[in-house]
Structures are given as structure tokens and as C-alpha cells.
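Notes for the one structure printed next.
So that the names make sense, note that chain A is the first sequence line, chain B the second, and so on, each numbered from 1.
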Amino acid sequence: MPVYSEKVMDHFMNPRNVGEIENPDGVGEEGNPVCGDMMTFYIKVADGRLADVKYKTFGCGAAIAVASIVSEMGKGKTLEEVRNITPTMVANELGGLPKNKFHCSNLGAQALNNAIDDYLRKQGKEVKSREVTNHDEEEE
Amino acid sequence: MPVYSEKVMDHFMNPRNVGEIENPDGVGEEGNPVCGDMMTFYIKVADGRLADVKYKTFGCGAAIAVASIVSEMGKGKTLEEVRNITPTMVANELGGLPKNKFHCSNLGAQALNNAIDDYLRKQGKEVKSREVTNHDEEEE
Amino acid sequence: MKSAYLDNQATTPLLPEVLETMLPFFKESFGNAQSLHDWGDAPREALEDARAEVAKLIGGRPEEIIFTASGTEANNFALKGLAQAHQSKGKHVVISAIEHFSVLHSARTLEKWGFEVTLVPVDGYALVDPKDVASAMRKETILVSVMHANGEVGTIQPVAEIAKIVTAAGALFHTDAVATAGTIPIDVAELGVDALSMAANQFYGPKGAGALWLRKGTRIIPLLDGGVQEGGRRAGTENLPAIVGMGKAAEIAKRDIQSRMAKLVGLRDMLLHRLPAAIDHVLVTGHPTQRLPGHASFCIEFIEGESMLMLLSSKGIAASSGSTCTSRALKASHVLTAMGLPAEIVQGSLLFTFGQQITEGDVGYLVEVLPPIVDRLRQMSPLYADFLKGRR
Amino acid sequence: MKSAYLDNQATTPLLPEVLETMLPFFKESFGNAQSLHDWGDAPREALEDARAEVAKLIGGRPEEIIFTASGTEANNFALKGLAQAHQSKGKHVVISAIEHFSVLHSARTLEKWGFEVTLVPVDGYALVDPKDVASAMRKETILVSVMHANGEVGTIQPVAEIAKIVTAAGALFHTDAVATAGTIPIDVAELGVDALSMAANQFYGPKGAGALWLRKGTRIIPLLDGGVQEGGRRAGTENLPAIVGMGKAAEIAKRDIQSRMAKLVGLRDMLLHRLPAAIDHVLVTGHPTQRLPGHASFCIEFIEGESMLMLLSSKGIAASSGSTCTSRALKASHVLTAMGLPAEIVQGSLLFTFGQQITEGDVGYLVEVLPPIVDRLRQMSPLYADFLKGRR
Ligand SMILES: Cc1ncc(COP(=O)(O)O)c(C=O)c1O
Ligand SMILES: Cc1ncc(COP(=O)(O)O)c(C=O)c1O
């Protein structure tokens with residue numbers, strides 16, 4: 001019984017969209033105080049949508065897969081749509097995560113949100129830092 | 001690894017001198033308060049020696065083997081010689097006894113001694129009940 | 001020489017097909033179930049499969065199974081772990097007087113730790129009266145442990161009835177099902193218990209694997225502190241081969257339990273009837289009907305158990321006894337004593353426990369060889385002599 | 001695909017000849033070692049033979065060996081059992097900061113039971129300074145436990161020196177030798193300890209068997225209450241096959257220990273030199289010479305252990321790590337932390353533990369596949385990017 005789902009393994013072995021964007025419209029970092037993992041997301045915005053998403057990540061297999069799937073989930077979406085991505089959605093998209101790795105899904109969604117915050121601030125908008133949480137209680 | 005020595009097994013499977021003596025010169029009983037085993041020895045005395053020794057016993061394999069070997073050790077011996085039979089001598093004669101069965105060797109020597117006491121009393125001699133013990137500390 | 005292993009209570013033989021399922025975990029799948037690399041995958045999967053099978057055997061959920069190394073460990077874990085976890089609610093524990101030593105002595109340890117323990121008596125059949133449990137309960141009672149069936153006399157307790165009383169009083173109820181799990185059908189929901197102990201070597205599984213079923217959400221303090229195995233409730237590298245064997249044995253037991261029982265009950269009843277017919281002054285111990293399927297226990301008067309066992313062994317028959325002399329600690333069976341049997345009767349205890357390997361021929365052989373053995377020992381017995389002379 | 005199992009610290013594979021000696025006890029010799037009839041004879045004899053072999057491995061006497069089901073159980077037994085047995089003399093216990101969780105968490109349980117526990121620190125090599133033990137000792141110190149070698153960084157402690165201090169102060173000294181027994185020579189008399197834990201699956205024996213060696217005459221309170229097995233100090237039906245396997249594994253280890261060590265030390269040193277040469281920013285963790293023969297541990301900067309393990313696993317290599325992410329409890333290795341390594345360095349922990357099956361080719365293969373893995377992960381790492389930009 002492998003620890004991770006096939007989807008997680010696929011995104012871990014072949015992470016999509018890794019890297020940095022030169023002159024990004026927004027940069028968002030997030031670190032996990034529990035495990036020390038870190039993610040940095042870079043975004044390009046066009047027509048209110050994420051035209052490009054890239055990231056760097058320091059962390060476990062789950063963290064890398066989460067970053068990869070979040071980059072895919074975010075790309076092409078409107079900022080509002082991205083705001084609605086919850087950790088549970090991320091975990092589900094990956095075919096589930098081990099219980100003790102669920103927090104990684106949080107990390108990805110949060111870092112991408114932070115990048116949007118950064119973009120909006122650069123646009124001169126006032127932004128309250130927001131915490132990405134589940135709207136539901138699916139997390140055990 | 002059998003629990004008992006070969007000698008114990010031999011005396012258990014083929015106990016010598018089992019039975020009662022009609023009109024014995026002495027009868028000695030001994031019961032063990034720890035395990036509930038009981039032995040009754042019957043003796044015939046002639047010329048200051050045990051001319052015959054028989055017994056009945058209720059108890060474990062060790063108790064039966066002890067009674068048997070004690071009857072053999074006692075037969076033909078002078079009363080004084082019999083008095084000197086210690087539990088350790090009995091156990092040694094049997095090729096050793098398991099630690100928790102050592103008390104059985106006590107039982108046999110004691111019951112035979114009690115029979116001698118009984119004989120002496122019948123002879124009108126004054127007898128102090130004596131406890132059979134080891135002179136040494138071989139018992140662990 | 002003929003031989004018959006009639007001591008399945010001591011341990012059952014391992015089924016060859018159970019050993020087959022264990023072997024890969026001694027060989028290519030030797031890895032540690034906690035390892036993240038590929039060597040951990042097969043062990044981890046097998047561990048969870050076994051958990052599911054063991055849960056199914058007793059109608060529980062997989063996540064409610066905590067593997068241990070023995071029935072003894074499961075009992076120690078239940079008694080000490082539950083008492084410690086719930087002591088803020090009270091420090092009173094109730095057990096029956098005929099529990100296995102692993103429960104009884106765990107309860108003594110609890111006393112040393114400041115708990116109070118009440119022993120509930122049994123009747124002449126070794127049955128616990130649920131009313132006695134009810135009256136033993138106090139406001140501060142946190143835990144009751146009454147075994148499902150006793151290994152020495154085979155009596156099956158009215159566990160469901162007792163569980164109702166205990167649960168209504170707000171205490172936890174543990175049952176030692178080491179003698180019953182895999183032997184008679186068990187459904188933890190029907191029994192209404194909170195915790196249940198079992199051991200694989202009682203149902204043709206390997207030694208070294210036991211389990212505590214613990215109702216979901218029930219708090220317990222680990223007995224073995226350390227790593228994260230078993231959800232942090234029982235540390236130590238998992239004994240994968242043994243656990244896998246327990247899973248397989250559970251699966252087979254679940255499948256075959258009715259036919260196994262049918263076979264044993266018939267032969268057991270045959271022995272329960274034929275032995276007292278063949279030997280005078282024999283008592284059947286335990287309950288006439290509420291008893292384990294393969295369990296026939298007796299007391300043979302005027303003689304002692306160990307010497308019978310030795311002579312039976314010389315005829316190729318394995319049995320056991322609750323006599324003082326057969327106990328390493330030189331104590332008479334606390335079970336037979338609690339049933340009110342006098343000391344010299346207890347000395348004549350003799351116990352035959354059948355397994356699936358038994359045949360009708362074995363029962364016949366036993367009934368043929370035992371009477372002369374009894375005779376021979378009685379001829380040597382001063383108690384029997386006294387009896388014949390009318391002195392008893 | 002090539003494959004190399006470099007995680008022998010998690011568990012060693014079972015030697016085929018050890019399995020051979022175990023098999024009869026799954027088959028014809030399935031009996032209970034406590035049984036008085038013939039079925040008990042072979043198991044009883046095998047049990048005592050195994051006890052003698054395990055005693056011989058560490059220079060103890062057979063009657064000083066108490067079999068357990070794991071190293072974890074031996075450690076729990078030692079800590080809890082010795083502390084409880086001697087608490088009338090005082091309630092202070094000393095352990096090192098880098099003990100295995102089975103010692104560390106047992107000590108926490110002791111704290112809940114009213115004992116005081118002092119943790120002795122280690123230096124950057126994970127070495128305990130005997131002077132620190134000396135200054136941790138108090139009048140009421142009854143027990144000190146310092147491991148023989150640490151499984152995570154391989155450092156071997158100056159146990160004999162510490163034992164002298166502890167003994168002179170009148171306290172008992174236990175050492176967790178799970179990582180060393182069967183791996184390096186041990187003589188309990190030379191070490192001067194009072195109790196020593198070991199586990200069979202660390203020296204090519206089976207899972208499910210461990211032992212506590214306890215100096216003759218030392219009082220201990222059982223962890224597992226129940227029957228009379230192991231002299232009444234550890235109850236529960238003996239796991240005969242596993243114990244027999246432990247005995248055989250001990251016999252072989254005793255015989256081969258020098259040649260086994262020679263083989264491992266050579267390959268270990270090769271890896272300790274070649275890996276830092278092949279990869280930049282690599283730290284060797286643990287002591288350069290005072291370390292387990294087959295033990296090579298590192299921290300690879302800027303990346304995390306679990307992702308390295310997964311990529312190694314995809315290349316057929318089994319290893320382990322002390323990173324937060326590889327721990328189920330999401331705690332960074334308390335060992336690496338106690339050595340003073342910063343959190344982000346600890347995250348890059350990587351540990352290779354060799355067994356007798358290893359070849360020089362395996363080391364070569366590892367040194368070939370690891371650098372591109374590290375490269376790939378560093379390319380993804382924001383920490384590495386920062387480093388390159390001179391921000392760290
Ligand atoms: C009812 C009962 N409980 C517990 C045990 C202890 O089991 P183990 O010796 O496997 O630890 C036994 C053993 O026969 C038993 O019959
Ligand atoms: C030093 C040390 N002690 C104790 C243990 C626990 O052993 P087990 O998991 O076999 O119970 C280990 C396990 O690797 C260890 O390395």
C-alpha cells in the first residue's frame with residue numbers, strides 16, 4: 001500500500017509549472033510552522049485571470065504535488081475562482097492525502113492566495129490578508 | 001526438555017514397594033500444606049533395621065517418585081541411618097528435581113521418619129517429633 | 001503409538017495455509033511497515049488487510065483493532081490502559097473471581113496504583129450472576145472486566161447481560177475473549193462491550209499475535225510507549241508475519257466457525273457422557289450447556305492431576321489440569337476454588353480441549369486408556385484407601 | 001531495475017537459515033512451552049537453548065535473559081519496571097536527550113507517575129559527556145538510561161565510563177542496545193551495566209522477539225502481569241518461533257560479528273567520503289569514528305528528506321530520514337535537534353544503514369543516482385534559490 005495516491009505520485013515525479021516567473025505580477029510565500037515546508041508562488045495576471053502560475057517549493061512529496069496541482073488548478077481561473085480553492089478541493093483533486101499530510105494542501109492554496117494579495121497590493125488595492133480554510137468539515 | 005529426570009520418570013512409571021504392610025511396626029503420615037500431597041509410610045523393623053518399607057501416596061509425579069526412592073533408600077538401613085536421609089539426598093538420588101518440586105523430597109523423608117517415630121513410641125520410647133531438614137544449603 | 005493432542009486451550013496448532021500466508025513476510029516482504037520506501041508498501045498493506053479481517057471476525061471496524069503480541073498483553077493493556085485513562089472519573093474496578101491471571105494480576109497492579117478492585121464471585125458452574133455485578137458497581141466504578149469464557153472450565157458468561165448493566169452505570173466494559181474469539185461467533189455490537197481481547201494462537205493462528213478491540217472514541221493510555229505504530233497506542237516494530245497470520249486465521253475462522261463448532265460439540269458431549277460412565281467418582285466441572293464447544297473438564301476423585309497427565313502423556317495423550325502440582329506457582333486453580341470445590345477435589349482436575357484435528361477415535365482411545373490410569377493411581381492413593389475403608 | 005536496501009536500521013532481512021530453525025515450531029513442535037506433556041518438551045528445550053544463545057551474545061547468563069516481543073517492550077519494561085521496583089529509594093531518573101522514543105516516552109510516563117526525569121544533553125556528534133551524567137545525578141537518583149548507540153546518527157556512547165559513574169552513585173544503569181546487540185561486540189561485564197535491551201530484527205533475526213538482559217538479583221516489576229512465563233517477570237504464551245529465531249540469529253551474530261563489521265565499516269567509510277565529494281553542501285551527522293559499522297548519515301542542505309527518499313525509492317534505493325515530513329507525528333528528529341542542528345538542516349536528513357547483503361556496487365549506484373536527485377530538488381527549492389542569490 002503506497003503512502004500516496006497515484007495522482008500524488010504523478011505530480012511529485014512530474015511536477016507541472018515549476019520555476020520562477022521573471023517580473024511576476026505577484027509573489028506569494030507561505031511556510032508551514034508545523035513541518036517547515038515552504039512554497040513560493042509567482043503569478044502573471046491578464047484580464048482578471050491567472051495567465052501564468054509558477055512556484056518553488058521546499059518540502060515533502062505531498063508539498064511538491066500540492067504545489068503542482070494548485071498551479072494547474074489556478075492557471076486560467078479568475079482571481080475570484082482562485083480565492084475559492086479550498087485545501088479539501090486540493091486534496092480531493094490529488095485523489096486524497098494521508099491524514100498527516102493534509103496541511104500541505106493548505107500550504108499550496110494559501111501561497112497562491114498570497115500571490116494574489118501581492119498582485120492586488122501592487123495594483124494599489126487594499127487587501128486584508130486572508131486565511132484559506134475549508135468551508136466544510138471534510139478534514140478529519 | 002522433559003520436566004523430570006530419567007530416574008524420576010523410571011520411579012514414577014515403575015514405583016517400587018507400593019502398598020500397605022499388614023500389622024506394621026510403624027506408620028508415618030505426612031501431608032504438604034503447600035500442594036496438598038500426602039504420603040503414608042509403613043515399616044517393619046528387625047534388628048534395628050528397616051526390614052520392610054511400603055507406602056501410599058497422593059500427589060504429583062515427583063511425589064510418587066520420591067516415595068519410591070525413599071522406600072528403596074530406607075530399606076535395610078538402620079534407624080539412625082534413615083534419620084540421616086535429607087531432602088537433598090533424596091533429590092540427588094533422583095538425579096535432581098525441578099525447583100518447585102523440591103518440597104516433595106522433604107515429604108518422603110519426613111513421612112518415613114514419622115513412621116520411625118511411631119515405631120519408637122510403640123516401643124515405649126520417648127520421641128520428640130523432629131523435622132527433616134537439609135544440613136546444608138544445596139536447595140536453592 | 002497412538003497420539004491425541006487434547007490440549008488446544010494451551011495453544012492450537014497453526015494451520016498450514018496460515019503459515020503459507022506468513023512466509024513471504026519472512027522473506028521478500030521483510031520490510032518495516034512504517035518505511036516510506038517500496039519495502040514498506042507490502043507490509044503496510046498486509047497489516048491493514050489483517051486488521052480488517054480481525055475486525056470482521058468480531059463485528060468491529062478495522063480502526064478499532066490494536067494489535068498486541070499476546071492475549072496477555074491485550075488484557076494488561078485493557079485493564080491498565082483504560083483504568084489510567086479514566087481515573088479522573090473514579091478509581092474503582094470490578095472483575096470476576098475467575099479471570100485469567102493476566103486480568104487478575106493486572107487488577108492487583110491497579111490496586112498498587114491506588115485503585116480499588118472488587119471481585120465478583122461465581123456459582124458452582126463458574127457462572128457470574130449479572131446481579132452480583134450490579135451490586136458491585138459504585139458511583140466511582142470506571143471499568144468492569146468479565147471474561148467471555150473461561151479456559152479452565154469452559155463456562156461461557158452472560159456477557160451481553162452484564163454489559164447492559166455496566167453501560168447503564170456509566171462504566172466501561174472489557175471482556176477477555178481469548179478463549180472465544182475465533183471459536184464461537186462474536187459480535188461486539190451484540191455483546192455491547194467497549195473492549196475485547198483476543199489471541200491468534202487460540203484459533204489456529206500463530207503465537208505472538210493478539211489484539212485489543214477498542215470501541216471507537218474510547219480513550220486508553222498506552223502500555224508500550226514509543227513510536228507511532230498502531231495509531232500511537234501500541235509502539236514497537238509490527239510483528240508482520242504473526243499479524244498476517246492472525247488475519248488469515250481470522251478469515252478462516254469466520255468462514256468455518258459453524259462447521260467447526262458442530263464437530264467439536266458432538267465429540268465434547270460424547271466425552272462428557274462417556275467418561276463419567278467409565279470411571280466412578282468423576283465430576284464434570286463447568287456448565288452443562290453454556291460451555292466452549294471443544295471443552296470437557298472433570299475432577300477425578302482421590303488422585304492428583306499431574307500424575308494423570310504424565311501417564312496420559314506416556315499413552316500419547318496431551319491434556320491439562322488445574323491441580324496445585326501442575327501449576328508452577330503451586331497454587332490450586334483459582335477458578336475451581338472459586339466454584340466452591342474442596343481442595344482435594346481440585347487436585348484431581350483434568351481438562352481436555354479439542355481442536356479441529358480431533359477424531360471420534362481419539363475420544364474412544366481416551367476413554368479406553370484413562371480408566372486403568374485412574375485405577376492404578378487410586379491403588380496407590382491413601383485417600384482412596386481411606387475412602388474404601390469408609391474413613392471418608 | 002537495480003535495487004539496494006540501505007535501511008537496515010528500520011529492520012534487517014531475516015537470514016534464511018534462521019527461518020529454517022523457526023519452521024518446526026510453526027509445524028510439529030507447535031506446543032506450549034509450559035505444557036507438562038510431551039508436546040511441551042521440544043518448545044521448552046528450544047526456549048532455554050535460545051536463552052543461552054542470546055545470553056552468550058552479550059556475555060550474560062541464561063537466567064538473566066527475559067524475552068520480550070520487541071526492543072520497545074524491553075525498553076518500556078526496563079524503565080517502568082526498574083523505576084517502580086526501586087522507587088522507595090528515590091524517584092529521580094536520568095536519560096539522555098537522544099534516547100529512542102520507547103525510552104523517552106516511557107520516561108514521560110514515569111513523570112506522570114510522579115518521578116522526576118532529567119535529560120542529559122549531547123554534543124554536536126551526539127555524544128553524551130559522562131561528566132554531564134555525573135552532574136545530573138542526585139541522592140535520590142535510582143535509574144539512568146543512556147543508549148549504547150543511536151539509530152539515527154550511529155554514534156556509540158561511552159557506556160562503560162557512564163556506567164562507572166552511575167554505579168558509584170548507587171543507581172541502576174540501563175542501556176538500550178537495540179542498535180548494537182548483534183552488530184558490535186558487547187560484554188555486559190565490561191560495559192558494567194545492570195540492564196540492557198535488544199531486538200532480534202536488528203541482527204537478521206525475526207520481528208516479534210526482543211529481550212531484556214537483567215543482572216542477576218536485580219528487582220523489577222513486570223510490565224505484563226499474568227502467568228509464570230519468564231520466571232514470572234514477563235507473562236504471556238511464549239512466541240516460540242520468534243524466540244528460536246532470535247537464538248539462532250544471536251548464535252550466528254556471535255560467530256560472524258568481526259567479519260560482518262569489517263565488511264560494513266569499509267563500505268560505510270567509502271560512502272562517508274564519496275557522498276560529500278559528489279554533492280555540495282552536505283554534512284555528515286554523528287561521530288566520525290565512534291559510529292555503528294554500517295551507518296552513514298547526512299544532512300543535504302536546501303532540500304527535504306522525504307522527497308529525496310521518494311526519488312531514491314523510484315531508483316530502487318531504500319533509505320530513511322529524520323525530517324519532519326518523514327515522521328508521522330510531524331516532528332523533526334529530536335536527535336538531530338539535540339545535536340544543535342538548525343531546523344532547515346534537519347529537514348535535509350538522509351540516512352543509509354547497510355546490512356550484510358550490501359555490495360560495493362550498491363554504494364557506487366547510490367553515489368551515482370543521488371546527485372541528480374539532489375540537483376533536481378534544489379532546482380525546485382526556494383531556499384536554494386535564495387542561497388544562490390546570496391540571500392542566505
Ligand atoms: C481466557 C484467557 N485469557 C488470556 C489468556 C492469555 O493468553 P496468552 O498466554 O496468549 O497471552 C488465556 C490463555 O490461555 C486465556 O485462556
Ligand atoms: C536504539 C533503538 N531502540 C529501540 C528501538 C525500538 O525497537 P522496536 O521497534 O523493535 O521495538 C529501535 C528501533 O529501531 C532503536 O533503534
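Side chains of A:Ser68 and D:Met380 form no contact here, defined as non-hydrogen atoms less than 4.5 Å apart. Under the 4.5 Å side-chain criterion, counting only non-hydrogen atoms from C-beta, D:Cys325 is in contact with A:Asp37. The side-chain heavy atoms of D:Glu306 and A:Lys101, taken from C-beta on, include a pair separated by under 4.5 Å. Between D:Met310 and A:Met13, the closest side-chain pair of non-hydrogen atoms is not below 4.5 Å. Residues D:Tyr384 and A:Lys56 are not in side-chain contact: their nearest non-hydrogen atoms beyond the backbone lie 4.5 Å or more apart. D:Pro382 is not listed as a side-chain neighbour of A:Met39, based on a closest heavy-atom distance of 4.5 Å or more.
Other residues, nucleotides and ligands place more than 12 heavy atoms under 6.0 Å from the NZ atom of A:Lys122. For D:Lys315, the NZ atom is loosely surrounded, since the number of other residues' heavy atoms within 6.0 Å does not exceed 12. Remark: D:Tyr125 OH is loosely packed, at most 12 non-hydrogen atoms of other residues, nucleotides or ligands lying under 6.0 Å away.
Heavy-atom distances place no part of D:Ser313 under 4.5 Å from chain A, backbone and side chain included. Of the two parts of D:Leu311, the backbone and the side chain both hold a non-hydrogen atom closer than 4.5 Å to a non-hydrogen atom of chain A. If you measure heavy-atom distances from A:Ala62 to chain D, the contacts under 4.5 Å come from the backbone alone. Proximity to chain D (any heavy atom under 4.5 Å) is restricted, for A:Tyr4, to the side chain, taken from C-beta onward. Heavy atoms closer than 4.5 Å to chain D are found in the side chain of A:Pro15, but not in its backbone.
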Decide side-chain contact (heavy atoms from CB on, under 4.5 Å) for A:Val18 and D:Gln379; before the verdict, give the C-alpha distance in whole Å, the side-chain angles of both, and the deciding distance to 0.1 Å.
CA-CA 9 Å; A:Val18 192; D:Gln379 291 312 320; over 6 Å; no
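Atoms CG and OG1, from A:Asn100 and D:Thr324 in turn, are 11.5 Å apart once rounded to the nearest 0.5 Å.
The two residues D:Glu304 and A:Phe58 make their nearest non-hydrogen contact at N-CE1, 3.8 Å.
Between chain D and the residues A:Thr57, A:Ile64, A:Asn32, the largest count of heavy-atom pairs under 4.5 Å involves A:Thr57.
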